[in-house]
Amino acid sequence: MNNITLAPVQTDQPSHLMPVFGRQPISFVRGRGAYLYTEDGTEYLDALTGIAVCGLGHAHPVIAEAIAEQAATLIHTSNLFEVPWQTAAAQKLAEVAGMEEVFFSNSGAESNEGAIKIARKFGHMQGIASPKIIVADKSFHGRTLATLSATGNKKVQQGFGPLVEGFIRVPFGDIEAIEEAAINHPNIVAILVEPIQGEGGVNTAPQGFSYLEEIRQICNQHNWLMMLDEVQTGNGRTGKYFAYQHTNIVPDVLTTAKGLGNGFPIGAVMTQGRGVGVLTAGNHGSTYSGTALGSRVVYTIIDIMQKENIVANAAEKGAYIVEQLRNQLADHQVTVRGFGLMIGIELPKDCGELVDIARDEYKTIINVTAGNVVRLLPTLNITQEQADQLIERLVKMIKAYLA
Ligand SMILES: Cc1ncc(COP(=O)(O)O)c(C=O)c1O
């Protein structure tokens, strides 16, 4: 152990942090599994997991050990050299993702930047000078310029024009709108959507996952790339390793991040089928792409997920939580939706204040998105006891709130 400790934060001093985040008046100093702890030892049930990130829970001993050992051995050498952990992590990820090629990025937005570049290059390879990508209303793809331009939320784009061009927007779940776009825009090369919209309100398409099958068909028909943003839905979150695996189709391009690193910042853009071989030497890169440390984290996480059947647990506990919430809140005008452990409870009125109420009165960390949707993203290895604890607290809170 080193002897550097953190002095207590002086709240009367001006902060040097750019004020871009709306923070809650609490900080956690440690975590263990599904729980977070403040300095005074108060325990909070974490049903947000760093926004769908820490799926295997906080301070997972096997991941912590892998990080410590690799940090003490070799963190980074750059991609000027072979990185054995990167090769091994790519192999493991490609296997669970059903993909062929993997490029490691450092975040979800960067993964989507990679996908957008693949789509554009795919177009240029066919002589399309101004390639276009279809994206959905209410989507969220990140905060970089290209990804915020792809995002279907004006608030995210406000103040950052001119936006990156080349995106055509359609309502989420609307196949006719895609077919219409195909007629009106000759330069379309790809479609990019989330299987379930996370930030947009845990929105599933009206036709469920068959939306993805319909998109696959259209992409085949027009020689477009089918690109899925599984930054949030990936890595076991919806009860399959990737949400598209609820269907019989496979996308050409798949992006992910969040749960891929359980808190270690790493993402990936992957390809198969038409997406393979589009990006070649010199087309893309990042100093930190697949460091030895980050890659070992990915490898370790997938290994744990496989050995401990975490994805099956997410499916089973998710179905249980949804069923219980539906039953116990049946008379309260709420809609419970989602797959696996990506669950939204839509209330009949805006309910942003429930974040504070859940935290302060029920010692539970939740999120509210789209104004009136309580979003639950608990640990994927949640136990039956923890699932019951979460249900009990939520039901009590929502009943009291709507009374
Ligand atoms: C579907 C989706 N795509 C992209 C992103 C952006 O990821 P990051 O914040 O790691 O850049 C997010 C983050 O919430 C997301 O939910």
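Bear in mind that the values here come from a model prediction, so they are computed numbers and not experimental data. When a ligand or atom number is given, it counts from 1 through the structure's own listing order.
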>> If the contact criterion is a heavy-atom separation under 4.0 Å, does Glu110 count as touching ligand 1?
In response: no
> What do we get for Glu194 next to ligand 1 when only non-hydrogen atoms under 4.0 Å count, side chain, backbone, both or neither?
Replying inline: side chain
>> One pair to check against side chain to side chain contact (heavy atoms under 4.5 Å, CB included): Met270 and Glu100. What are the steps and the verdict?
In response: CA-CA 7 Å; Met270 298 171 264; Glu100 202 174 315; over 6 Å; no
>> Suppose we measure from atom 2 (C) of ligand 1 to each protein heavy atom; which comes out shortest, and what is that distance?
In response: Phe140 O, 3.3 Å
>> Ring centres under 6.0 Å, that's the criterion: do Phe103 and His284 meet it?
In response: yes
>> Please list the nearest protein heavy atom to atom 3 (N) of ligand 1 with its residue and the distance rounded to 0.1 Å.
In response: Asp229 OD2, 2.7 Å
>> Assess the residue pair Val269 and Glu113 against the criterion (side chain to side chain contact (heavy atoms under 4.5 Å, CB included)); give the C-alpha distance rounded to whole Å, side-chain angles, the decisive distance to 0.1 Å, and a yes or no.
In response: CA-CA 9 Å; Val269 53; Glu113 283 279 341; over 6 Å; no
> Got the closest protein heavy atom to atom 13 (C) of ligand 1, with its distance?
Replying inline: Lys258 CE, 3.3 Å
> Is it the side chain (CB and beyond), the backbone, both or neither of Asn112 that lies under 4.0 Å from ligand 1, heavy atoms counted?
Replying inline: side chain
> Heavy-atom contacts under 4.0 Å between Gln197 and ligand 1: side chain, backbone, both, or neither?
Replying inline: neither
>> Less than 6.0 angstrom from the centroid, inside 45 degrees of the normal: does Lys349 satisfy that with respect to the ring of Tyr401?
In response: yes
> Nearest protein heavy atom to atom 16 (O) of ligand 1, by residue and atom, and its distance?
Replying inline: Gln232 NE2, 2.8 Å
> What about Val231: any of its N or O atoms under 3.5 Å from an N or O on ligand 1?
Replying inline: no
>> For the residue pair Arg393 and Tyr362, would you count it as a cation-pi contact if the rule is NZ or CZ under 6.0 angstrom from the ring centre and within 45 degrees of the ring axis?
In response: no
> In the protein, what heavy atom is nearest to atom 8 (P) of ligand 1, and what distance, to one decimal place, separates them?
Replying inline: Gly108 N, 3.5 Å
> Would the Phe339 and Phe209 ring centres measure less than 6.0 Å apart?
Replying inline: yes
> Is Gly142 close to ligand 1, meaning an N/O of one under 3.5 Å from an N/O of the other?
Replying inline: no
> Does a donor on one side chain and an acceptor on the other come within less than 3.5 Å for Gln232 and Glu199?
Replying inline: yes
> Who pairs with Leu163 by side chain to side chain contact (heavy atoms under 4.5 Å, CB included), at least two apart in sequence or on another chain?
Replying inline: Leu148, Ser149, Gln157
> How far is atom 11 (O) of ligand 1 from its nearest protein heavy atom, and which residue and atom name does that atom have?
Replying inline: Ala109 N, 2.8 Å
